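Before any comments, here is the structure.
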Amino acid sequence: MISKTYSPQEIEDKWYSYWIENRYFNSKPNPDKEPYTIVIPPPNVTGVLHMGHMLNNTIQDILTRKARMEGKEACWVAGTDHASIATEAKVVAMLREKGINKSDLTREEFLEYCWEWTHKYGGIILQQLRKLGASCDWDRTRFTMEPSLYDAVIDVFVDLYNKGDIYRGHRMVNWDPQARTTVSDEEVLMKEVMQKLVYIRYAIEGEEGQYVTIATVRPETIMADVAICVNPTDERYQHLVGKKALIPLINRAIPIIADEYVEVEFGTGCLKVTPAHDQNDYELGKKHNLPTIDLLNEDGTLNEKAQILVGEDRFIARKKIIKLLEEAGNIEKVEEYKSNVGHSERTNAVIEPRLSEQWFLKMKRISQPAFENVMNDTVQLLPPKFKNTYRHWMENVRDWNISRQLWWGHRIPAFYLKDGTVIVARNKREALRKAQHELLLFALTEADLEQDPDVLDTWFSSWLWPISVFDGINNPDNEEINYYYPTNDLVTAPEILFFWVARMIIAGYEYRNTYPFKNVYLTGIVRDKQGRKMSKSLGNSPDPLDLIAQYGADGVRTGMLFSSPAGNDLLYDEKLVEQGRNFCNKVWNAFRLVKGWTVSEEAQNPASQLATQWFESKLNQTLAEVHDLFDKFRMSDALNAVYKLIWDDFCSQYLEMIKPEYEQPIDPATYEATLDFFDRLMRLTHPFMPFITEEIWQNIRERGQNDSICVAEYPQPGAIDTTLINQFEILSEVVSAIRNLRNTKGLSPKVELPLAIRTETPDLYQSLEGLLRKLANVAAIEYVSEQAEGMSFLVRSDEFFINLAGEIDVEAERENLLKELEYTEGFLASVQKKLSNERFVQNAKGDVVEKERQKQADAEAKIATIKEALVRLG
RNA sequence: GGGUUCUUAGCUCAGCUGGUUCAGAGCACCUGCCUUACAAGCAGGGGGUCGGGGGUUCGAAUCCCUCAGGACCCA
């Protein structure tokens, strides 16, 4: 006996192992087949599966499984990236718990710990994906730090440097003066603090008694000022632009300049420009060609460039300088001021914006093809609204800062000589050779070369991902890259459209001369019911593995997909997953029903025959729809169409039509047709729900050794008999009306009802009689030309009567008819209004007008029927 | 501040390039059913001025403008 509810656990493990053993997911280049390739967006090696991954990977799996069933050489490449910042932060935290400081370790020792960590936790997320049913070719699992991918990154750096696209420049970083290191944006916590906004007077050079006032919360940095800036539209200061102001206490003259960056309303409308100690000032300084004066040491004390208060800590200096300014008469006033100040997550020290030397990639040239080929849809973004965002970013693209002050990652292959000369080469040996040959420094040894301590941005390795997983950088003409590249689809989140997607397209054109993927499907962000992004730190995300244990992988997959149109966020609700599980259960019970039948020798009755013909058409209709939806990447809608086909058409309609009486056998023709339908339905559903469909498919019929639904043919649409489908729609309306009548009259479904039909087309109903009897439990069916006795209802313009003595509620029926009449007359009026409008008849397309005429005729016929019925009621 | 985008039933969303009285689906809700595949179910049912205003058109949820409110990205 098969269980009443579907229990996923053992079934899922059983079939996943079976798939792996039979290597259905493994792929190798096969010239006889069309390749279908997806590369996974590599999750962080230290990460665990979250809801976003679930959605993302479900979609990838659906696409991959469908392609595989369609006979393509499907290849889904799995892997992880090394996530410099996140991993290093985790390792540092782990070391701290052990009482070890990163600064106490050598680079090599630290990297040992990183690798240890990676080996320990690195596989977890990929293991979790197996639970979801992901059909990746696991033998191809790649990691951005493994040797071949590492070399690819280094090669690309060297290549771009040699092309003149990579240069060194300055950039503001977050400096933690206590830890004496940079920290990433993610590691800076903004805290609201009360500060003193100090209004300081700067005398105008050569104009006795004249001054400008600036407002600042950082008076200790005035010695690093290089200009005073005002808004060009600000009338108050027009006359000062071009003159010079004197920094108080040190009397250095600085120019007064104009730039619309300055807000007229803020403070005094005069801004002190201090490029070394503020990001915005830095930009401003660059724009106006101003010098940069850095007056802070690594530990946050003032250096000799400050001229005064040298050696004092920045906060002590702040207090002292206010006093000095007061004594010198330069303070106008001091206000309390609330603002957000960055603090180090690690040490809680106030973060100091600090200039440092970084590596940059020039984006202008290299990004051109990537820009054009998205705009002309060679690479398609889905949904297309992201093209606008993409264009905006590409048009304003800025050079890419590719260096990070970290150890875990691809170490920048730049080597410095004692005098600061930079040599970029793949390794120290090549750098040395280069120095010897090109700089003619023959006495040089490797010991004279010092490698840049920084590593490359993680994205600088993942932008090569679609190429490097096939070794296409180091070995650009190998069989794999030639076969699998360009890949077909990329499924990812819109938040990384620029960080990752755009850069992959750039790298694709630069290194393969073509796009890395044809379609980019951008999923939404999974949010909780309150609209907050699901995250571990908020604790508002369910554990995906718990969910799978509770609802089954198939249930979770369908639940995730139910409400996730491309690019729109989805508000996660456990109800969705529940619905997915219920669907599994529905399918399971349909299977139980069919499995429980015994087969007789008898011939097929006409009703069952008609039912199978109808479902064949209905199935084909939905197949065509699903194929079309897949072409448009509307997977959620495709799932919905499948869901309705199975639940409404197959279970509620078809199975009820052909179901034999309790413990009666079924005829062989209907039975075979039903098994065939079930087989096709399972294949249709397999990409969405791989496990339950395999279990059922394996049990519907005898299967061969090593057979699997994974590699069975995806069903293709056949002929559709639309006339038959329309007839069945009418049938279903009649059945609904009769059931509704039973409901309102409190009649049991078991009571047989007599039915009279008044219609112009009796043969339509004659062919449906058998099904009508079965679905609505009617006994005798007679055709009448006049009004008959009993309760009546209308379907289209035919009238139906059910004669139940004493059950007629004349008033209620009249009310219903009047309501129907009012509606139909209103409808007719609107149609007539259109048709009597000459401009409509002239301007609208012929078939639209024809449709309106047909509507008019239908409505008129219906109104006549209703009126007759009303007359009968008296 | 610059850009993108959204607002349709109580909730989450469909509604593609204007054309059935077009206002839809799922969930939730209400009524009646433990009818031997399924109560994780069956059969029925109610519910919305398509954010406000204006315009284009024979015709607007759909196209344009504007206002209000939300979301995201960049600085």
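Scope of the values below: all heavy atoms of this structure, side chains included, with no hydrogens, waters or symmetry mates. The shown structure was predicted, so the numbers you read here are calculated from the model rather than taken from an experiment.
- A sub-4.0 Å separation between OP1 or OP2 of B:C16 and a side-chain N or O of A:Lys632 is absent.
- Atoms CZ (A:Arg592) and C1' (B:A37) sit 5 Å apart, rounded to a whole Å.
- Between A:Phe615 and A:Phe650, the ring-plane angle classifies as tilted under the 30° and 60° cut-offs.
- Among the atoms of the strands shown, only primed sugar atoms or phosphate atoms (P, OP1, OP2) are found under 4.0 Å from some heavy atom of A:Asn388.
- Salt-bridge annotation for A:Arg701 and A:Glu672: present, with a side-chain N of the basic residue lying under 4.0 Å from a carboxylate O of the acidic one.
- For A:Lys4 and B:A39, the shortest distance from a side-chain N or O to OP1 or OP2 is below 4.0 Å.
- Contact annotation for A:Cys584: no contact, since no heavy-atom pair falls under 4.0 Å across all strands.
- Across all strands shown, B:G69 forms a Watson-Crick or G-U wobble pair with B:C6, both key distances being under 3.5 Å.
- When each of A:Phe499, A:Trp400, A:Phe498 is checked for a ring pair (Phe, Tyr, Trp, His ring centres under 6.0 Å) with A:Trp459, only A:Phe499 meets the rule.
- With a cut-off of 3.5 Å on both pairing distances, B:A61 has no Watson-Crick or G-U wobble partner at all.
- The side chain of A:Gln579 sits closest to B:G26 out of B:A75, B:U4, B:G26.
- Phosphate contact (OP1/OP2 of B:C27, side-chain N/O of A:Lys575, threshold under 4.0 Å): absent.
- Taking atom OH of residue A:Tyr390 and atom C1' of nucleotide B:C74, one finds them 17 Å apart after rounding to whole Å.
- Ion pairing between A:Asp259 and A:Lys287 holds under the 4.0 Å rule for side-chain N and carboxylate O.
- Taking atom NZ on A:Lys387 and atom P on B:U5, their separation rounds to 12 Å, with Å as the unit.
- Closest-nucleotide positions on RNA chain B for A:Lys750 and A:Thr5 were compared, and the one nearer the 5' end corresponds to A:Lys750.
- Summarising the geometry, the separation between CG on A:Asp637 and C1' on B:G24 is reported as 12 Å, rounded to the nearest angstrom.
- Mapping A:Thr389 and A:Pro749 onto RNA chain B by nearest heavy atom places A:Thr389 closer to the 5' end of the strand.
- Atoms CG (A:Leu497) and C1' (B:G3) sit 14 Å apart, rounded to a whole Å.
- Picking from B:C42, B:A37, B:A75 the nucleotide with the shortest atom distance to the side chain of A:Trp647 gives B:C42.
- Nucleotide B:G41 forms a Watson-Crick or G-U wobble pair with B:C33, both donor-acceptor distances falling under 3.5 Å.
- Remark: A:Arg581 is not in phosphate contact with B:A40, judged by side-chain N or O atoms under 4.0 Å from OP1 or OP2.
- For A:Val831, taking side-chain heavy atoms from C-beta onward, the closest of the listed nucleotides B:U21, B:U5, B:U35 is B:U21.
- Nearest nucleotide to the side chain of A:Asn589, out of B:C38, B:U4, B:G44: B:C38.
- Atom CE of A:Met560 is separated from atom C1' of B:G26 by 16 Å (rounded to the nearest Å).
- The distance from atom CG of A:Leu547 to atom C1' of B:A40 is 16 Å, rounded to the nearest whole Å.
- Distance check on atom P: B:G53 versus B:A60 gives 15 Å, rounded to whole Å.
- Residue A:Ser736 has a polar side-chain atom (N or O) positioned under 4.0 Å from OP1 or OP2 of B:G44.
- Nucleic acid contact for A:Arg398: sugar-phosphate only, since backbone atoms but no base atoms lie under 4.0 Å from a heavy atom of the residue.
- Rounded to an integer number of Å, the gap from A:Asn740 CG to B:G45 P is 5 Å.
- Side-chain proximity of A:Ser652 to B:A40, B:A43, B:A25: nearest is B:A43.
- You'll find that the side chain of A:Lys644 is closest to B:A25, out of B:A25, B:U5, B:A40.
- Of the side-chain N and O atoms in A:Asn743, none sit less than 4.0 angstrom from OP1 or OP2 of B:C33.
- The gap from the P atom of B:A25 to that of B:C64 amounts to 28 Å, rounded to the nearest Å.
- For A:Lys586, the listed nucleotide lying nearest its side chain is B:G41; candidates were B:G41, B:A14, B:A43.
- Listed nucleotides B:A14, B:G41, B:C73 differ in distance to A:Arg634; the shortest reach to its side chain belongs to B:A14.
- A:Asp377 and A:Lys387 are joined by a salt bridge, as a carboxylate oxygen and a charged side-chain nitrogen come within less than 4.0 angstrom of each other.
- Using the six-membered ring where Trp is involved, A:Tyr6 and A:Trp588 have ring planes that are tilted, between 30° and 60° apart.
- Comparing B:C74, B:G3, B:A40 against the side chain of A:His392 picks out B:G3 as the nearest.
- Without hydrogens or angle criteria, A:Ser652 side chain to A:Asp649 main chain gives no donor-acceptor distance under 3.5 Å.
- Residue contacts for A:Lys659: at a heavy-atom cut-off of 4.0 Å it reaches a base atom on one of the strands shown.
- Base pairing of B:C13 is made with B:G24, judged by Watson-Crick or G-U wobble geometry with both donor-acceptor distances under 3.5 Å.
- Using a 4.0 Å heavy-atom distance criterion, A:Glu656 is classed as a base contact.
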